[in-house]
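Everything on this sheet refers to the single structure shown next.
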Amino acid sequence: MSVGGVAVFPADTVYGLACAPDSRLAVDRLYALKGRAPEKPAAVMYFDAELALASLPELGPRTRRALERLLPGAVTVLLPNPRGRFPLACGPSPETLGLRVPALGGASSGLARVQWPVLQSSANRAGGPDAARLEEVPEAVRLGADLVVDGGDLPGVPSTVLDLRVFEEEGKWSIVRQGGMPLAAVERALGSGG
């Protein structure tokens, strides 16, 4: 896939779209395929939890321990972003970074060889249903992508979105969107201080 390319791929939850997080051309193409408003942030996905943590050395020890317990998994974590990393993914909120590390297996296990981050979003039209099968990804999205990977049937529930922006200082967390990671799993990892 070229630097400006967009891929449809299977995650551990639903089908996603991915592109280089630092390519304005690729990000614009991904957003256009989705029909997503440019001011809406996306997430940065790594396919290896250790690599993700190593690339964010500014994370405090409490947050780092929490991520070690949560990742990989069906969760997108909102983190403080004091260094303004991945501005194209952050949209109008450069102080917040969405981080995702899927639990790979089956048809998606080959993605573990990807050793760089991608900007990712679900492979649907903005506001449309999430795709659990490749055939459910809108045809225009599939045809507009440079690479399409069929991972078979997926769970079909998007990731849980978990806000850890004040976790380091206050030990507080909240769930922004319930999804693939159950509340009980989050509480086991973080305690019930949310």
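Because only heavy atoms are used, hydrogens play no part in the values below, and waters and symmetry mates are left out as well, while side chains stay in.
Residues F86 and L88 form no side-chain contact, since every pair of their non-hydrogen atoms from C-beta on lies 4.5 Å or further apart. Taking 4.5 Å as the limit, some side-chain heavy atom of M181 sits within range of a side-chain heavy atom of V186. Within the 4.5 Å cutoff, the side chain of L67 has heavy atoms near those of the L53 side chain. A 4.5 Å side-chain heavy-atom check between T63 and E168 finds at least one atom pair inside the cut-off.
For Q178, the side-chain hydrogen bond (donor to acceptor under 3.5 Å, both in side chains) partners two or more places apart in sequence, or in a different chain, are T160. With sequence neighbours excluded, the residues that form a side chain to side chain contact (heavy atoms under 4.5 Å, CB included) with E187 are W173, L183, S192. Under the salt bridge (charged side-chain N to carboxylate O under 4.0 Å, His left out) criterion, E135 pairs with R133, sequence neighbours left out. Checked against side-chain hydrogen bond (donor to acceptor under 3.5 Å, both in side chains), R85 has the following partners two or more places apart in sequence or in another chain: E58. Remark: Q115 pairs with L51 by the side chain to side chain contact (heavy atoms under 4.5 Å, CB included) rule, at least two apart or across chains. A search for side-chain hydrogen bond (donor to acceptor under 3.5 Å, both in side chains) contacts involving D153 returns nothing, not counting sequence neighbours. When the salt bridge (charged side-chain N to carboxylate O under 4.0 Å, His left out) test is applied to R113, no partner is found at least two apart in sequence or on another chain. With sequence neighbours left out, the salt bridge (charged side-chain N to carboxylate O under 4.0 Å, His left out) criterion links R36 to no other residue. Taking D130 as the reference, N124 meet the side-chain hydrogen bond (donor to acceptor under 3.5 Å, both in side chains) condition, with sequence neighbours excluded.
In this structure, CG in L59 is found 5.0 Å from CG in L56, a value given to the nearest 0.5 Å. The structure places CG of D28 at 8.5 Å from OG of S23, a figure rounded to the nearest 0.5 Å. With values rounded to the nearest 0.5 angstrom, L30 atom CG is found 11.5 Å from L25 atom CG. For the atom pair CZ (F47) and CH2 (W116), the distance works out to 9.0 Å, reported to the nearest 0.5 Å. Rounding to the nearest 0.5 Å places CG of L99 at 11.0 Å from CG of L162.
For residues 64-79, the side-chain hydrogen bond (donor to acceptor under 3.5 Å, both in side chains) pairs, not counting sequence neighbours, are T76-S159.
Judged purely by atom type and a 3.5 angstrom limit, K34 has no side-chain atom pairing as donor or acceptor with the backbone of A123. Here the side chain of S93 pairs no donor or acceptor atom with the backbone of T96 at under 3.5 angstrom. Put simply, the side chain of E170 never gets that close to the backbone of V166: no donor and acceptor are under 3.5 Å apart.
Ion pair D163/K172 not flagged as a salt bridge, since none of the NZ, NE, NH1 or NH2 atoms sits closer than 4.0 Å to an Asp/Glu carboxylate oxygen.
Of all the heavy atoms in A66 and L164, the pair that sits closest is CB-CD1, 4.4 Å. In terms of heavy-atom proximity, L70 sits nearest to A189 at CD2-CB, 3.6 Å. The two residues Y31 and P41 make their nearest non-hydrogen contact at OH-C, 3.6 Å. Heavy atoms only, all atoms of each residue included: N81 and C90 are closest at ND2-SG, 3.6 Å. Contact record, R177 with P158: NH2-CB, 3.6 Å, taken as the closest heavy-atom pair. Heavy atoms only, all atoms of each residue included: R29 and G5 are closest at NH1-CA, 3.6 Å.
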Enumerate, atom names and distances included, each donor-acceptor pair closer than 3.5 Å involving a side-chain atom of residues 8-21, sequence neighbours excluded.
from: D12; atom 1: OD1; to: R100; atom 2: NH1; distance (Å): 3.3
from: D12; atom 1: OD1; to: R100; atom 2: NH2; distance (Å): 2.4
from: D12; atom 1: OD2; to: A103; atom 2: N; distance (Å): 2.9
from: T13; atom 1: OG1; to: R100; atom 2: NH2; distance (Å): 3.1
from: Y15; atom 1: OH; to: D150; atom 2: OD1; distance (Å): 3.3
from: Y15; atom 1: OH; to: G151; atom 2: N; distance (Å): 2.8
from: Y15; atom 1: OH; to: G152; atom 2: N; distance (Å): 3.0
from: Y15; atom 1: OH; to: G152; atom 2: O; distance (Å): 2.7

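When the side chains of ILVMFWY residues are joined at heavy-atom separations under 4.5 Å, either directly or via intervening members, V148 and L119 end up in a single hydrophobic cluster. Residues V157 and V137 fall into different hydrophobic clusters, defined by Ile, Leu, Val, Met, Phe, Trp and Tyr side chains chained together at heavy-atom separations under 4.5 Å.
The environment of E95 atom CD is dense: over 12 non-hydrogen atoms of other residues, nucleotides or ligands sit within 6.0 angstrom.
In the hydrophobic clustering, where aliphatic and aromatic side chains (Ile, Leu, Val, Met, Phe, Trp, Tyr) are joined below 4.5 Å either directly or transitively, V161 groups with L78, V176.
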